[in-house]
Each structure stands twice: as C-alpha cells, then as structure tokens.
Colleague: 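Take a look at this one; I'll ask things after.
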Amino acid sequence: MLTHQLHITNSLSRKKEKFESIVPGRVGMYVCGPTVYGHPHLGHARPYITFDVFYRYLTHLGYKVRYVRNITDVGHLENDADSGEDKIAKKARLEQLEPMEIVELYTQKFHEAMHLLNNLPVNIEPRASGHIIEQIEMIKSIIANGWAYESKGSVYFDVVNYSKTHDYGKLSGRVIDELIAGAGNERRELEGQAEKRNPADFALWKKAAPEHIMRWPSPWGDGFPGWHIECSAMSTKYLGETFDIHGGGMDLLFPHHESEVAQSKGACGKAPVRYWMHNNMITINGQKMGKSLGNFINLEEFFTGSHKLLEQAYSPMTIRFFILQAHYRSPVDFSNEGLKAAEKGLSRLMNAAQTLRRLTSGASSTSDIPSLQKACYEAMDDDLNTAITLSHLFECARIINSVHAGTETITAADLELLKNFFTEFVFSILGLKEESVGGGSDIDALLQMILKVRTDAKANKDFSTSDKIRDELAAIGFKIKDEKSGTSWTRE
RNA sequence: GGUCCUGUGGCCGAGUGGCUAGGCAGAGCUCUGCAAAAGCUUGUACAGCGGUUCGAAUCCGCUCGGGACCUCCA
C-alpha cells in the first residue's frame with residue numbers, strides 16, 4: 001500500500017524516517033530474542049508486543065514480512081564470581097539438569113507467554129546453538145578481512161583497528177577514545193582482559209574452560225561463541241547481508257547492536273540494517289526494574305497475581321493494552337493503579353466491540369467515520385503511535401455507545417466502514433482479543449432460558465425473584481445488564 | 001565521571017510554538033423497579049528559575065528530580 005507514509009524512528013539517525021523497504025512489498029525484520037535461562041518476565045513483554053504490532057501493521061499494509069527472532073541458548077557469560085561459566089550451564093548445575101533441558105523448559109515457557117499475550121508466531125526462530133557453524137564461518141571471514149585476531153584460544157574483534165576506517169560507535173553514540181580511556185572510575189575487572197590487545201575489543205569466540213559444559217570444536221580449539229556474533233550470523237543467513245529492520249530493547253544498543261554492525265561490516269563489508277528500532281524500558285512504581293531491587297515480576301506471576309507487589313492478577317490482554325497505551329520509545333511505569341485503569345479501559349473497548357456487532361444503521365451519520373479511520377492510520381504511520389490510535393478507537397467506542405443509546409445515528413455505509421476498520425485495528429493490528437467471552441452455544445442457550453424467566457418475573461413486578469437470579473448468576477461469574485433491547489450477559 | 005533520554009492535571013499517559021489527546025478515578029445530570037452499562041456536563045496540568053518570541057508547557061540555558069547505557073549485563 002504505497003499510499004501510506006509510514007515513518008519510524010531510526011536509532012541510527014535518531015530521527016523519524018520514511019520507511020521504504022529494500023525489496024518493494026517485502027520486509028525483513030530481525031528482533032533480538034530472549035536468553036532462555038529463566039522465566040519470561042515483564043521486561044520481555046514490551047519488545048515482543050511492540051514488534052508484534054509492527055509486524056501485524058506491516059502485514060496489514062500489504063507487505064510480505066519475514067520476521068526472525070532468535071532464541072539465545074549459548075554464549076552469555078555470568079558476570080559474577082563464577083566468571084567464565086556459561087549462564088545456562090550454571091543454572092543447569094544448580095538444578096541438576098542438562099543445559100539443553102533448561103533451554104527447552106524456558107523456551108516452552110517463553111512460547112506460552114507469547115501465546116497468551118497474543119503475539120503471533122514469528123516466521124523463523126533460530127537457535128544460537130543450531131548455528132555454531134555459521135558463526136564460526138563468519139568469524140573466519142572477519143579474521144580474513146583483518147578485523148579480528150586470535151589470542152590464547154579466543155578470538156577478539158579488533159575495535160581500535162576497525163574504527164580507523166569505520167564509524168564504530170555511530171549507532172550507540174559512543175566515542176571510541178572514551179571507551180578506550182575507560183572514563184569511569186568504577187570500572188569492573190573484566191575476565192579475559194589480559195588476552196585482548198585493547199580493552200575496547202570484544203569476544204567473537206571464547207575458549208572454554210575445562211569445566212565449561214557447553215562447548216563446540218572450532219579452528220581455535222574447544223569453545224563457545226561470543227555474545228554478539230549469533231545475531232549477526234543468523235540475521236545474515238535468513239535475511240541477507242543487508243535487511244530492513246532490526247529491533248530490540250534500548251539496553252541492547254551498546255554494546256550488542258553496535259558490535260553487530262561492526263561484525264557484519266567486518267565480514268561482508270556492508271551495513272547490515274537499514275532501520276534500527278529500539279523500545280524503551282519498563283519501571284515498576286517509578287523504580288528501575290532489576291534483580292537487585294527484587295522487583296522483577298514474571299509474566300506468569302502477573303497472570304496469576306502471585307507476587308507480593310501485585311494487588312491482583314492482571315490478564316495478558318491487560319498487560320498488552322497497558323503497554324500499547326504508551327508509545328514504544330517512552331519508558332513505561334507499571335503500577336497497580338495503572339494496570340487497574342488499563343483493565344477497565346480495555347473492558348470499555350471490548351464492550352464497544354460487542355455492541356458494534358448488533359448496532360443498527362439510520363438515515364444519516366452524526367459523526368465523521370471516514371476521518372476517524374484516516375486518523376487511526378495516521379497515528380500508526382507516525383512511528384507506530386499506538387497511544388494515539390487507541391485514543392481514536394475510544395472515540396469510536398463513544399460513537400458506538402451513543403448510537404446504541406439512540407443519541408447518535410449512523411448510515412449503513414458508515415456502519416459498515418466502522419465495523420471493518422474498528423475490528424481491524426483493535427483485533428488484527430493491535431492484537432487485542434476478548435478474554436472472557438461467552439461459553440459456547442449450550443451455555444448461551446441456558447443463560448437465555450434463565451434470563452427469560454427473570455424477564456417474566458420483572459414483568460410481573462416480582463423483583464425479589466429477578467434480583468435473586470441476577471445475584472446468583474453474579475455469584476458464579478455471570479454479569480447481566482438490562483438494556484432497552486433486552487438483557488445481555490458477560491462473564492466476569 | 002561520560003554519553004543519551006526524561007519530568008504533563010488525583011493516577012497512567014499522548015502531543016504541539018498560539019486552537020480538544022485518550023484512559024482511570026472524582027462530581028453533577030439523564031436513563032433504570034433497583035443495579036449494571038451507557039450518554040451528557042465538569043476538571044483548566046505541563047518540575048523550578050531565567051532567556052528567545054507578538055505569543056512557550058512546546059525552542060535555548062541553568063538548577064533540581066528520574067531513567068538507560070558506558071564490553072559480555074533482557
């Protein structure tokens with residue numbers, strides 16, 4: 001759909017840029033996936049919801065998208081006393097499980113969470129452990145091009161040499177001299193520093209200590225890949241040497257994404273990505289979310305309410321809605337108040353969607369429906385502004401309710417249009433869904449029968465019976481509403 | 001210490017040099033047997049101090065908060 005002027009903020013330029021895909025009609029998108037060594041938590045929800053919506057929107061616009069999101073199951077080092085030990089290996093030892101058992105368990109947990117959040121499956125979900133060969137080949141290319149060197153069984157990227165002719169630091173806004181100087185006075189003693197020619201160099205391949213469980217043979221001896229190389233190798237394999245979009249959290253800008261750029265340029269001589277997109281972080285009650293503060297909340301704990309900071313359970317759609325109410329480049333603060341407000345707002349939107357299905361048209365329209373549709377598109381085209389999109393959808397909800405209440409009218413043509421785009425935006429693009437809908441035709445038939453008895457009681461002014469039915473239905477989770485057109489029910 | 005981002009009404013959260021965000025909560029009214037839902041009305045915010053401007057919450061500077069990253073840490 002070339003009529004749309006989709007603009008997105010490119011981290012490379014820090015400006016909104018018009019989006020144009022490399023191959024017309026097709027988009028290649030890579031998003032950094034999770035390291036599967038623990039339960040998926042709130043921090044995971046944001047990037048994957050954000051890029052899921054982007055994926056949905058691009059698809060809606062008519063692009064054929066290949067969405068690649070990796071599973072990191074090797075290579076990350078633990079930055080504590082057990083330095084050098086693979087994160088996954090460490091967890092495995094603690095739980096007496098095989099490393100790949102851990103990987104499998106948490107990969108499944110991750111998939112479950114993504115499913116509950118209504119994130120569509122990605123097209124390719126490559127695992128780092130399944131692409132060791134590709135990573136080794138890429139490292140060999142980088143060495144052959146003179147941008148990396150071997151040192152005691154490990155391979156390091158030669159940042160200083162590379163930066164003489166390349167703009168290392170452009171993406172993340174770093175200045176190489178400052179990195180080298182180590183400006184801070186609280187710099188950590190990093191493992192392996194002695195092997196490096198320069199502190200700014202980063203590992204492409206690490207030699208495995210004898211006790212290291214996850215290891216693979218390589219031209220440089222047994223070891224495991226560095227943190228950054230997997231994304232470079234896998235994105236190149238599935239999307240090509242240069243592709244359209246690379247997404248991830250802002251915390252990955254440096255060093256992860258900066259290093260990816262350097263690795264790809266070092267191997268292929270080309271910039272790997274046209275548009276870098278980064279979502280902002282999540283805080284809880286105004287505080288940074290972090291392990292040290294003990295305010296990391298797993299998604300499962302949100303869904304069940306089983307965390308001491310949570311006053312109640314929050315459904316996956318409540319989480320999704322809350323995240324979409326903020327722009328993806330703004331920090332978002334999770335609080336019980338905010339989540340409760342989101343829960344009610346979402347419910348208002350979902351009720352409107354239901355009401356819309358049984359809306360009837362009139363002779364004229366009191367609202368400008370085509371303009372609202374246009375406004376929704378404009379908001380999405382403006383750097384994926386889901387907050388504004390939602391505000392327009394709430395305006396739609398107001399109109400739907402007003403028409404239903406009889407204070408406004410809508411023509412058949414406008415009603416058709418409204419049904420189409422409201423449904424499209426709410427469900428297909430934003431990926432929201434109704435969570436507590438009916439319980440099948442049997443239950444509906446049963447409810448209709450009970451409600452008929454109640455309606456008869458009301459007609460006979462037997463309000464004690466009608467209220468009793470209402471109360472008892474409420475007690476088992478069915479909420480009913482008396483409307484002009486009859487009585488309707490929903491599940492709590 | 002460095003780089004970058006950020007500070008909006010009771011709460012969450014958009015946005016723009018002058019004109020309405022939106023949601024939640026609150027108040028009043030309407031509808032209703034009562035509820036619920038819904039509709040209408042209502043709030044006059046933009047951290048502080050200077051500056052630029054006819055005009056700034058929106059641009060600039062400083063101050064004070066908050067945050068991310070600073071080499072293997074989503």
Side-chain angles (χ1 to χ4, degrees), chain A residues 14 32-35 38 40-41 43-44 46-47 72 75-79 83 87 157 159 169 172-175 178-179 181-188 190-193 196 199-203 206 226-228 248-256 258-259 278 280-283 286-291 296 321-322 325-327 329-346 348-349 351-352 355 379 385-395 397-398 400-402 404-408 458 461 463 466-467 470-471 474 479-484 488 490:
Chain A
R14 278 161 231 186
C32 286
T35 303
H41 56 73
H44 291 112
R46 172 102 110 145
T72 295
H76 284 218
L77 296 171
E78 197 77 87
N79 182 33
S83 65
K87 260 187 191 172
F157 192 91
V159 171
S172 57
R174 307 286 147 175
V175 179
E178 290 175 359
L179 290 173
N185 45 16
E186 294 174 14
R187 315 217 9 120
R188 289 172 280 180
L190 291 165
E191 172 266 340
Q193 284 295 48
K196 296 181 184 178
D201 297 348
F202 59 88
K206 290 288 288 181
W227 177 30
H228 317 299
M250 278 183 180
D251 55 337
L252 298 176
L253 252 166
F254 190 89
H256 187 54
E258 192 70 60
S259 300
H278 291 95
N280 215 315
M281 312 312 285
I282 288 173
T283 58
Q287 270 196 312
K288 175 192 172 183
M289 191 202 294
K291 287 173 191 167
F296 243 78
F321 178 86
F322 190 80
Q325 256 195 326
H327 185 82
R329 291 185 58 82
S330 299
V332 68
D333 185 64
F334 264 75
S335 62
N336 281 288
E337 292 72 25
L339 283 164
K340 285 176 193 167
E343 186 175 52
K344 294 200 174 175
L346 173 65
R348 177 172 155 83
L349 208 56
N351 286 338
T355 305
N385 199 328
T386 54
I388 294 291
T389 305
L390 278 170
S391 79
H392 294 310
L393 293 173
F394 274 109
E395 173 65 9
R398 208 212 88 241
I400 290 165
N401 289 329
S402 292
H404 185 60
T407 55
E408 288 199 35
K458 274 174 49 174
K461 306 274 184 206
F463 296 122
S466 68
D467 288 352
R470 182 171 63 198
D471 293 345
K479 194 161 84 176
I480 64 175
K481 287 188 289 190
D482 291 329
E483 298 169 313
K484 281 179 183 148
S488 66
T490 52

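Small disclaimer: the values here were computed from a predicted structure and weren't measured. Naming convention: chains lettered A, B, ... in sequence-line order (proteins, then strands); numbering from 1 in each chain. Just so you know, these numbers use all the heavy atoms, side chains as well, and skip hydrogens, waters and symmetry mates.
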Colleague: Looking only at N and O atoms, is any donor in the side chain of A:Asn385 or the base of B:G15 less than 3.5 Å from an acceptor on the other one?
Modeller: no
Colleague: Ion pair present between A:Lys340 and A:Glu343, side-chain N to carboxylate O less than 4.0 angstrom?
Modeller: no
Colleague: When we call it a touch if two heavy atoms are under 4.0 Å apart, what does A:Lys458 touch: a base, just sugar-phosphate, or nothing?
Modeller: base
Colleague: Check every atom of B:G22, B:A14, B:U71 against the side chain of A:Phe254 and return the nucleotide holding the closest atom.
Modeller: B:U71
Colleague: What distance, rounded to whole Å, do you find between the two C1' atoms, one in B:C12 and one in B:C29?
Modeller: 27 Å
Colleague: Report which part of the nucleic acid A:Ala326 touches: base, sugar-phosphate, or nothing (heavy-atom distance under 4.0 Å, all strands).
Modeller: sugar-phosphate
Colleague: Between A:Ile480 and A:Ala342, who's closer to the 5' end of RNA chain B by nearest nucleotide?
Modeller: A:Ala342
Colleague: Between B:C59 and B:A38, how many Å separate the two C1' atoms, rounded to a whole number?
Modeller: 44 Å
Colleague: Which heavy atom of A:Leu349 sits nearest to which heavy atom of A:Ala397, and what is that distance?
Modeller: CD1-CB, 4.4 Å
Colleague: How is A:Gly43 classified with respect to the nucleic acid when contacts are heavy atoms under 4.0 Å: base, sugar-phosphate, or nothing?
Modeller: base
Colleague: Taking the side chain of A:Ile388 as its heavy atoms from C-beta onward, which of B:A14, B:G39, B:C34 lies nearest to it?
Modeller: B:A14
Colleague: Would you say the side chain of A:Ser466 lies within less than 4.5 Å of the side chain of A:Phe463, judging by non-hydrogen atoms?
Modeller: yes
Colleague: Measure from the side chain of A:Asp467, starting at C-beta and using heavy atoms only, and say which of B:A21, B:G33, B:A68 lies closest.
Modeller: B:G33
Colleague: Is A:Arg14 near enough to B:U3 that one of its side-chain N or O atoms lies under 4.0 angstrom from OP1 or OP2?
Modeller: no
Colleague: Who does B:C62 pair with, Watson-Crick or G-U, both distances under 3.5 Å?
Modeller: B:G48
Colleague: According to the interplanar angle, ranging from 0 to 90°, do the rings of A:Phe202 and A:His228 count as parallel (below 30°), tilted (30 to 60°) or perpendicular (above 60°)?
Modeller: perpendicular
Colleague: Is A:His228 touching bases, backbone alone, or none of the nucleic acid, heavy atoms closer than 4.0 Å?
Modeller: nothing
Colleague: Give a yes/no verdict on base stacking between B:G33 and A:Phe463: centres under 5.5 Å, planes within less than 30° of parallel.
Modeller: yes
Colleague: If the P atom of B:G2 is compared with that of B:A57, how far apart are they to the nearest Å?
Modeller: 30 Å
Colleague: Looking for any heavy atom pair under 4.0 Å, which part of the strands does A:Thr355 touch: base, sugar-phosphate only, or nothing?
Modeller: nothing
Colleague: When the P atoms of B:U58 and B:G26 are compared, how many Å lie between them, rounded to an integer?
Modeller: 33 Å
Colleague: Tell me whether the side-chain N or O atoms of A:Arg174 pair up with the base of B:C4 as donor and acceptor below 3.5 Å, since no angle test is needed here.
Modeller: no
Colleague: Looking only at side-chain N and O atoms, does A:Arg470 come under 4.0 Å of OP1 or OP2 in B:C34?
Modeller: no
Colleague: Using the C1' atom as the reference point in each nucleotide, state the distance between B:U6 and B:A47 in Å, no decimals.
Modeller: 12 Å
Colleague: Side chains of A:Met281 and A:Arg46: does their closest heavy-atom pair fall under 4.5 Å?
Modeller: no
Colleague: Considering every strand and a 4.0 Å limit on heavy-atom distances, what is the contact class for A:Leu252: base, sugar-phosphate, or nothing?
Modeller: sugar-phosphate
Colleague: For A:Phe321 and B:G13, give me the distance from atom CZ to atom C1', rounded to whole Å.
Modeller: 11 Å
Colleague: A:Glu408 has an atom CD; how far is it from atom P of B:C40, in whole Å?
Modeller: 7 Å
Colleague: Using heavy atoms to find the nearest nucleotide of RNA chain B for A:Gly33 and A:Phe202 separately, return the residue whose nucleotide is more 5′.
Modeller: A:Phe202
Colleague: Rounded to whole angstrom units, what separation is found between the CZ atom of A:Arg348 and the P atom of B:A25?
Modeller: 10 Å
Colleague: Mark yes or no for whether A:Ser402, through its side chain, and A:Thr407, through its backbone, hold a donor-acceptor pair below 3.5 Å.
Modeller: no
Colleague: Which is true for A:His44 with a 4.0 Å heavy-atom rule: it touches a base, it touches only sugar-phosphate, or it touches nothing?
Modeller: nothing
Colleague: Between atom CZ in A:Phe394 and atom P in B:A14, what is the gap in whole Å?
Modeller: 14 Å
Colleague: Would you classify A:Pro255 as touching base, sugar-phosphate or nothing, given that sugar-phosphate means primed atoms plus P, OP1 and OP2, and contacts are heavy atoms under 4.0 Å?
Modeller: base
Colleague: Using a heavy-atom cut-off of 4.0 Å across all strands, would you classify A:Arg329 as base, sugar-phosphate, or nothing?
Modeller: nothing
Colleague: What is the distance, to the nearest angstrom, from the CE atom on A:Met250 to the C1' atom on B:C4?
Modeller: 10 Å
Colleague: With rounding to the closest Å, how many angstrom separate the P atoms on B:G48 and B:C70?
Modeller: 33 Å
Colleague: Parallel, tilted or perpendicular: which fits the ring planes of A:Phe321 and A:Phe394, with parallel below 30° and perpendicular above 60°?
Modeller: perpendicular
Colleague: Could you tell me whether the phosphate oxygens of B:U3, OP1 or OP2, come under 4.0 Å of any side-chain nitrogen or oxygen in A:Ser172?
Modeller: no
Colleague: Which value, in whole Å, describes the distance between the P atoms of nucleotides B:U41 and B:C49?
Modeller: 35 Å
Colleague: Using modelled atom types and a 3.5 Å cut-off, is there a donor and acceptor pairing between side-chain atoms of A:His44 and backbone atoms of A:His41?
Modeller: yes
Colleague: Name the closest nucleotide to the A:Asp251 side chain, picking from B:A68, B:C40, B:G23.
Modeller: B:A68
Colleague: Under a 3.5 Å cut-off for both distances, is B:C40 Watson-Crick or wobble paired, and to whom?
Modeller: B:G28
Colleague: Quick one: A:Lys344 NZ to B:C12 P, roughly how many Å, whole number?
Modeller: 17 Å
Colleague: What is the separation between atom CG on A:Asp482 and atom P on B:A35, rounded to the nearest whole Å?
Modeller: 12 Å
Colleague: May I have the distance from A:Gln325 (atom CD) to B:G15 (atom C1'), rounded to whole angstrom?
Modeller: 15 Å
Colleague: Counting side-chain heavy atoms from CB outward, which of B:C12, B:G22, B:C40 is closest to A:Asp333?
Modeller: B:C12
Colleague: Using the P atom as the reference point in each nucleotide, state the distance between B:A56 and B:C46 in Å, no decimals.
Modeller: 14 Å
Colleague: Mark yes or no for a side-chain to base donor-acceptor pair under 3.5 Å between A:Asn280 and B:C5, with no hydrogen or angle criteria applied.
Modeller: no
Colleague: Does some side-chain heavy atom of A:Val332 sit less than 4.5 Å from a side-chain heavy atom of A:Gln325?
Modeller: no
Colleague: Counting only Watson-Crick or G-U wobble pairs whose two distances fall under 3.5 Å, which nucleotide matches B:C69?
Modeller: B:G2
